[in-house]
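For reference, the structure is listed below as structure tokens.
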Amino acid sequence: MSQFLLLAEEVTEKDAEGGGSMMSMLILFGPPLLLLFVMQTLFGRSDAKDKARRNEMTANLKKNDPIVTIGGMLGTVVSVSEDKSTVTIRVDDNTRIKLQASAIREVVSTEKKDAEKS
């Protein structure tokens, strides 16, 4: 870090004399830009993984899967449209709701249900 500060001081002295160059700008702004690039890459990868997981979940939806919606509503899948964009769920004995597949937060696995009952 001290080397960077020494370089920055040298660059500003040269700029004050009128000898500024593109290299001096690169030395000053390069590390912060590199850090921003690395952070964006790391966060972008996690978003891509999450999106792939959600796409896989909606593609594997089938009848009688217990689900939780984004709003926290619990239900059971009654039917899935052919293009897998809409899902009809049963919330109660006589209540069925049609919603977009993207509104499903998770499919509750049977192992989770068995663990909660115990």
Nearest non-hydrogen partners of Ala103 and Leu99, listed with the distance: CB-CD1, 4.1 Å

Residue pairs, two or more places apart or on separate chains, that pass salt bridge (charged side-chain N to carboxylate O under 4.0 Å, His left out) and touch residues 31-42: none

Per-pair distances, 0.1 Å, donor-acceptor, side chain in residues 27-43, under 3.5 Å, sequence neighbours excluded:
| unit_1 | atom_1 | unit_2 | atom_2 | d |
| --- | --- | --- | --- | --- |
| Thr41 | OG1 | Phe37 | O | 2.8 |

Residue pairs involving residues 55-79 (criterion salt bridge (charged side-chain N to carboxylate O under 4.0 Å, His left out); sequence neighbours excluded): Lys62-Asp65

Nearest heavy-atom neighbours spanning Lys84 and Leu61: NZ-O, 3.9 Å

Residues in side-chain contact (heavy atoms from CB on, under 4.5 Å) contact with Arg105, at least two apart in sequence or another chain: Val68

Shared hydrophobic cluster for Val91 and Val80 (ILVMFWY, side-chain gaps under 4.5 Å): yes

Ser81: side-chain contact (heavy atoms from CB on, under 4.5 Å) partners, not counting sequence neighbours: Asp83, Ser85, Thr86

Point-to-point distance, once rounded to the nearest 0.5 Å, from CG of Asp92 to CG of Leu74: 12.0 Å

Met73 vs Ile67 side-chain heavy atoms within contact, under 4.5 Å: no

Salt bridge (charged side-chain N to carboxylate O under 4.0 Å, His left out) contacts touching residues 42-54 (sequence neighbours left out): Asp50-Arg53

Approximate separation, where rounding is to 0.5 Å, of Ile104 CD1 and Thr58 OG1: 8.0 Å

Closest contact, heavy atoms only, Met57 versus Glu106: SD-CA, 3.6 Å

Heavy-atom pair of closest approach, residues Ile89 and Val78: C-CG2, 3.9 Å

Distance, nearest 0.5 Å, that separates NZ of Lys98 from OG of Ser79: 7.0 Å

Straight-line distance of Thr88 OG1 to Arg96 CZ, nearest 0.5 Å: 8.0 Å

